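Have a look at the structure below before the remarks.
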Amino acid sequence: MKIAVHSTPEELARAAAAWLCARAADVAGGRFAVCLSGGSTPKRVYELLAREESGRLPWERTHWFFGDERFVPHDHPDSNYRMVRQAMFDAAPVPPANVHAIPTTGTPSAAAAAYAGELRDFYGAAALDSSRPLFDVMLLGLGEDGHTASLFPGRPALAEQTRWVVDTLSPKNEPRISLTYPVLASARNSVFLVAGRAKRDIVSRIWAGEDLPAARLAGAAHWFIDATANPR
Ligand code: 6PG
């Protein structure tokens with residue numbers, strides 16, 4: 001577990017954007033696959049990627065995926081896709097075919113199955129090979145209850161080891177689509193982006209090894225946190 005404590009959320013975002021661009025440089029010439037986190041913390045990272053850091057990303061060969069989605073229309077205020085579109089896609093030369101949004105029409109289970117198919121098509125195989133990660137970068141957030149993506153405590157989705165994508169529910173029983181652990185873990189580089197005093201306790205509990213959803217991805221990840229979220 002690699003930890004970087006940044007003085008402010010802005011410094012965290014700037015470091016995370018620069019780190020992601022450096023990972024793109026590691027992938028000389030080939031496709032660069034990034035799985036995006038929703039929520040509020042990563043928004044500034046996306047804004048910086050499309051603006052200050054725009055010249056450092058190979059937009060034509062970078063593909064954008066989502067770790068989870070709220071099952072609402074893509075123009076809904078709660079949509080992760082909408083947040084990323086406004087923060088980044090609308091402000092950068094992103095080929096539309098490189099944006100792999102989670103569908104939110106029809107039924108949640110059909111949308112999950114469709115997205116799993118899109119991931120498999122991109123990967124080029126029906127089974128994940130640990131020696132060939134699906135993503136180059138996995139961006140993860142952390143909820144105050146220890147969730148990440150839409151893997152919430154106590155939900156059956158935590159036990160899913162076969163399906164790549166599942167439909168699930170938030171604690172308020174709002175329908176969500178989420179990648180499952182095997183897929184979230186299939187990344188060359190993963191990073192948790194966590195900021196704010198309200199996250200300090202859950203960060204402490206995750207780092208202490210408490211069995212919470214995010215903990216299962218914590219050990220292999222970089223942690224970009226700000227000073228107010230730092231329990232140490
Ligand atoms: C979502 C995210 C979720 C988020 C955490 C942290 O769809 O909301 O995928 O896992 O990363 O809830 O959210 P904040 O960054 O807003 O604290």
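Whatever order the structure lists ligands and atoms in, that order sets their numbers, starting from 1. What you see is a predicted model, and the numbers here were worked out from it, not measured in a lab. For this chain, numbers begin at 1 and follow the sequence in order.
- Ring planes of Phe224 and His6: tilted class, angle from 30 to 60°.
- Atoms of ligand 1 lying under 4.0 Å from any heavy atom of Gly141, numbered from 1 in the order shown and given with element: 11 (O).
- Among all protein heavy atoms, the one lying closest to atom 6 (C) of ligand 1 is Leu142 O, 3.5 Å.
- Taking each of Lys199, Arg70, Met83, Lys43 in turn, the one with a heavy atom nearest to atom 17 (O) of ligand 1 proves to be Lys199.
- Residue contacts with ligand 1, taken as heavy atom pairs separated by less than 4.0 Å, involve Asn80 solely via side-chain atoms from C-beta onward.
- In this structure, Glu69 does not count as a contact residue of ligand 1, since none of its heavy atoms falls inside 4.0 Å of the ligand.
- The part of Ser37 lying near ligand 1 is the side chain, judged by heavy-atom distances below 4.0 Å.
- The closest protein non-hydrogen atom to atom 12 (O) of ligand 1 is His147 NE2, 2.7 Å.
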* To do: Please report the C-alpha distance between Arg188 and Asp136 in whole Å, then the side-chain angles of each, then the deciding distance to 0.1 Å, and finally whether the salt bridge (charged side-chain N to carboxylate O under 4.0 Å, His left out) criterion is met.
  => CA-CA 5 Å; Arg188 204 177 308 280; Asp136 295 289; 3.2 Å; yes
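- Every heavy atom of Glu144 sits 4.0 Å or more from the atoms of ligand 1.
- Looking at residues two or more places apart in sequence or on another chain, you find no salt bridge (Lys or Arg N to Asp or Glu O under 4.0 Å) involving Arg51.
- Contact atoms of ligand 1 toward Gly39: 1 (C), 2 (C), 8 (O), 13 (O), 16 (O) (distance under 4.0 Å to a heavy atom of the residue).
- In this structure a side-chain-to-backbone donor-acceptor pair under 3.5 Å is missing from Arg14 to Val45.
- Within the structure, ligand 1 has Ala149 among the residues with a heavy atom less than 4.0 angstrom away.
- Counting heavy atoms from C-beta on, the side chains of Leu179 and Tyr115 come closer than 4.5 Å.
- Between Trp64 and Trp59, the ring planes lie tilted relative to each other; the angle falls in the 30° to 60° range.
- If you number the atoms of ligand 1 from 1 as listed, the ones under 4.0 Å from a heavy atom of Ser40 come out as 14 (P), 15 (O), 16 (O).
- Of the protein's non-hydrogen atoms, the one nearest atom 15 (O) of ligand 1 is Thr41 OG1, 2.6 Å.
- By the criterion of a heavy-atom distance under 4.0 Å, the side chain of Asp68, and not its backbone, is placed next to ligand 1.
- Note: Phe66 and Phe89 have perpendicular aromatic rings, judged against thresholds of 30 and 60 degrees for the angle between ring planes.
- The aromatic rings of Trp207 and Trp223 lie perpendicular to each other, with more than 60° between the two planes, well past the 30° mark.
- Pro108 is linked by a side-chain contact (heavy atoms from CB on, under 4.5 Å) to Phe71, Asp167, Pro175, Ile177, counting only residues two or more places apart in sequence or in another chain.
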